[in-house]
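Below you'll find the structure I mean.
As a basis for the values below, the full set of heavy atoms in this structure was taken, side chains included, without hydrogen atoms, waters or symmetry mates.
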Amino acid sequence: MNSKQTTRASHTDAATYVKLSLVAIIWGGTFIAGRTLSPGTPPLLSASLRFLIAGTVLAIFLIVSGERFVRINRLQLLKISGLGLCGVYAYNLFFFYGLQHTTASRASLIVALNPAVMAITAYLFYRERLSLVKAAGIALCLLGAATVIFSKSPQVLGAASSWQGDALIFGCVLSWVAYSVFCKNTVVQVGALHTVTYSLWAGAALLTLTALLTGQMSPSSIAALGIGDLASLLYLGAVGSAVAYIWYYNGIQEIGATRAGVFIALNPLTAVLLGAVLLNEPLTPAMLVGGAVVILGILVCNSAPLFDAKQNAQGAT
């Protein structure tokens with residue numbers, strides 16, 4: 001690779017890192033938006049409306065931008081439906097029902113396993129190389145995320161929970177890993193924008209059907225939503241789903257699932273920082289230290305290609 005190609009690649013990576021960092025901030029904001037919803041709002045109603053809004057926003061964007069709707073074959077339809085089943089439908093079911101048996105802090109600690117499980121899965125299915133540098137970066141991300149979570153809720157391990165709750169939340173991890181890792185070929189063939197749009201439509205349809213069958217979506221429950229609820233759902237759908245999912249898939253396409261996945265470790269930090277700014281929640285030095293360790297881990301993990309290239313160059317000389 002010549003110097004011009006190297007410079008171009010580094011600029012592309014830098015833009016990808018910015019987008020993935022913004023995704024982490026956006027997803028941190030979804031915790032705030034979710035907490036501002038009325039306590040009596042049925043969870044499946046919230047999830048259904050969130051992704052119905054996201055699907056609508058993306059459909060409008062496809063029309064206005066001139067991207068239109070690309071035709072897909074049966075195999076691509078099956079794969080995209082599977083992505084919607086994993087990343088939207090199953091994830092939300094595992095999350096909402098898991099929280100009925102465990103605490104949010106404990107759930108956050110389990111979800112922080114995402115980068116590690118993603119790296120292992122990417123290696124097993126795509127032989128995406130897991131070097132010592134990448135592994136060290138992932139370990140730092142886990143350590144930093146755990147520090148932030150423990151600082152916020154010191155009793156997280158001793159909190160009332162059950163194996164069912166922990167297993168359901170770990171189902172979130174597996175669902176998101178599947179959505180992140182197995183999108184690779186489809187994104188290349190169809191594009192990130194259309195893959196996200198079609199998978200969100202599939203997930204939204206399944207969530208809406210489930211909400212209707214369980215009675216959580218009804219004219220009365222929709223009529224009970226206030227202006228604040230609608231504003232939160234608009235953020236969750238238009239920004240937290242439509243924009244964030246596309247940037248996340250773009251990131252996977254550019255730098256791979258493992259390197260993109262470590263940015264998820266920023267979610268607890270951004271949620272804590274936004275909670276401190278918007279909800280006046282306490283912010284401790286330990287949280288800041290944990291956040292710094294997460295950032296260090298992301299930098300280490302994403303420096304792995306450069307480190308490996310230097311090692312290969314030295315080995316060749």
Side-chain angles (χ1 to χ4, degrees), residues 16 19-20 22-23 26-27 30 44-96 114 118 121-122 125-126 171-213 217 233-257 260-261 263-264:
T16 301
K19 282 185 178 180
L20 289 170
L22 290 174
V23 167
I26 289 169
W27 281 341
T30 62
L44 281 178
L45 173 65
S46 303
S48 301
L49 292 178
R50 171 183 179 175
F51 288 100
L52 285 172
I53 291 170
T56 302
V57 169
L58 287 171
I60 293 171
F61 177 78
L62 286 175
I63 294 170
V64 172
S65 66
E67 294 284 346
R68 303 297 178 182
F69 304 99
V70 299
R71 299 188 68 173
I72 56 176
N73 57 42
R74 290 183 180 179
L75 181 58
Q76 290 168 340
L77 175 61
L78 183 63
K79 288 180 178 179
I80 288 173
S81 298
L83 292 173
L85 175 67
C86 295
V88 178
Y89 180 71
Y91 185 95
N92 279 276
L93 288 187
F94 282 135
F95 183 74
F96 286 121
N114 252 309
M118 197 175 297
T121 306
F125 285 91
Y126 292 109
C172 291
V173 175
L174 297 180
S175 299
W176 190 254
V177 167
Y179 188 71
S180 301
V181 173
F182 299 125
C183 71
K184 189 173 183 178
N185 293 333
T186 307
V187 169
V188 171
Q189 295 167 4
V190 181
L193 174 60
H194 291 92
T195 302
V196 168
T197 301
Y198 295 164
S199 65
L200 290 194
W201 286 353
L206 291 169
L207 283 172
T208 302
L209 180 60
T210 305
L212 288 170
L213 291 175
M217 179 178 281
L233 287 169
L234 185 61
Y235 174 84
L236 289 166
V239 184
S241 299
V243 174
Y245 274 53
I246 291 171
W247 284 355
Y248 180 65
Y249 259 16
N250 277 331
I252 290 174
Q253 189 175 13
E254 292 293 338
I255 63 175
F263 282 83
I264 294 173

(message) Could you check whether any side-chain heavy atom of L236 comes within less than 4.5 Å of a side-chain heavy atom of I53, counting everything from C-beta outward?
(response) no

(request) Go through the steps for T197 and F61 under the test side-chain contact (heavy atoms from CB on, under 4.5 Å), then give the verdict. (result) CA-CA 10 Å; T197 301; F61 177 78; over 6 Å; no

(request) State the CG-OG1 distance between L49 and T208, to the nearest 0.5 angstrom. (result) 7.5 Å

(request) Assign the ring pair F51 / Y245 to parallel, tilted or perpendicular, where the plane angle (0 to 90°) is split at 30° and 60°. (result)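 Because their plane-to-plane angle is over 60°, the rings of F51 and Y245 count as perpendicular.
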
(message) For a 4.5 angstrom cut-off between non-hydrogen side-chain atoms, does T30 reach R50?
(response) yes

(message) Looking at every heavy atom in both Y91 and C172, which two are closest together, and how far apart are they?
(response) CD1-O, 3.3 Å

(request) Would you indicate whether the side-chain heavy atoms of I252 and S180 approach each other to under 4.5 Å? (result)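 Yes, side chains in contact.
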
(request) Kindly give the heavy-atom pair with the smallest separation between N92 and A47, and that separation in Å. (result)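 That closest heavy-atom pairing would be OD1-CB, 3.8 Å.
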
(message) Can you give me the closest heavy-atom contact between A59 and F69, atom names plus distance?
(response)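 Residues A59 and F69, closest heavy atoms: O-CZ, 4.1 Å.
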
(message) Strictly distance-based, threshold 3.5 Å: is any side-chain N or O of S199 a donor or acceptor partner for the main-chain N or O of V196?
(response)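 At least one qualifying donor-acceptor pair exists.
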
(request) Calculate, to the nearest 0.5 Å, the distance between atoms OG1 and CH2 belonging to T56 and W201 respectively. (result) 9.0 Å

(message) Looking at every heavy atom in both V239 and I26, which two are closest together, and how far apart are they?
(response)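 Shortest heavy-atom contact: O-CG2, 3.6 Å.
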
(message) Looking at every non-hydrogen atom in both residues, tell me the closest pair between A244 and V23 and how far apart they are.
(response)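 Looking at all heavy atoms of both residues, the shortest contact is O-CG2, 3.7 Å.
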
(message) I'd like to know if the side chain of S48 reaches the main chain of L207, judged simply by a donor and an acceptor atom lying under 3.5 Å from each other, with no hydrogens or angles considered.
(response)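 Yes; judged by distance alone, with no hydrogens or angles, the pair exists.
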
(request) Please answer whether the main-chain N or O of A260 pairs with a side-chain N or O of Y248 as donor and acceptor at a distance below 3.5 Å. (result)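 Such a contact is absent between Y248 side chain and A260 backbone.
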
(request) Determine whether T16 and N250 make a side-chain contact, defined as any pair of heavy atoms from C-beta on separated by less than 4.5 Å. (result)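 A side-chain contact is absent here, since even the closest heavy-atom pair is not under 4.5 Å.
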
(message) Side chains of L174 and F94, heavy atoms from C-beta outward: is any pair under 4.5 Å?
(response) no

(request) Please name the pair of heavy atoms, one in R71 and one in Q76, separated by the smallest distance, quoted to 0.1 Å. (result)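 That would be O-OE1, 4.4 Å.
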
(request) Determine, stepwise, if the pair W247 / L22 fulfils side-chain contact (heavy atoms from CB on, under 4.5 Å). (result) CA-CA 9 Å; W247 284 355; L22 290 174; 3.8 Å; yes

(message) Measuring from atom CE of M217 to atom CG of L52, what distance do you get when rounded to the nearest 0.5 angstrom?
(response)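 Between atom CE of M217 and atom CG of L52 there are 5.5 Å.
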
(request) Measure the OG1-OH distance between T210 and Y89 for me, rounded to the nearest 0.5 Å. (result)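 If we round to the nearest 0.5 Å, T210:OG1 and Y89:OH are 3.0 Å apart.
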
(request) On the 0 to 90° scale, with breaks at 30° and 60°, tag the Y179-W176 ring pair as parallel, tilted or perpendicular. (result)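 Rings of Y179 and W176: tilted, as their planes differ by 30° to 60°.
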
(message) With a 4.5 Å cut-off on side-chain heavy atoms, are F182 and K79 touching?
(response)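 No, side chains not in contact.
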
(request) First locate atom OG1 of T195, then atom CG of L200, and finally report the distance between them rounded to the nearest 0.5 Å. (result) 10.5 Å

(message) Using 0.5 Å steps for rounding, measure from the OG atom of S175 to the CG atom of L83.
(response)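 If we round to the nearest 0.5 Å, S175:OG and L83:CG are 11.5 Å apart.
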
(request) Side-chain contact test, heavy atoms from C-beta onward, threshold under 4.5 Å: evaluate it for L62 versus L58 and give yes or no. (result) no

(request) Would you check if M118 and I264 make a side-chain contact, meaning some heavy-atom pair closer than 4.5 Å? (result) yes

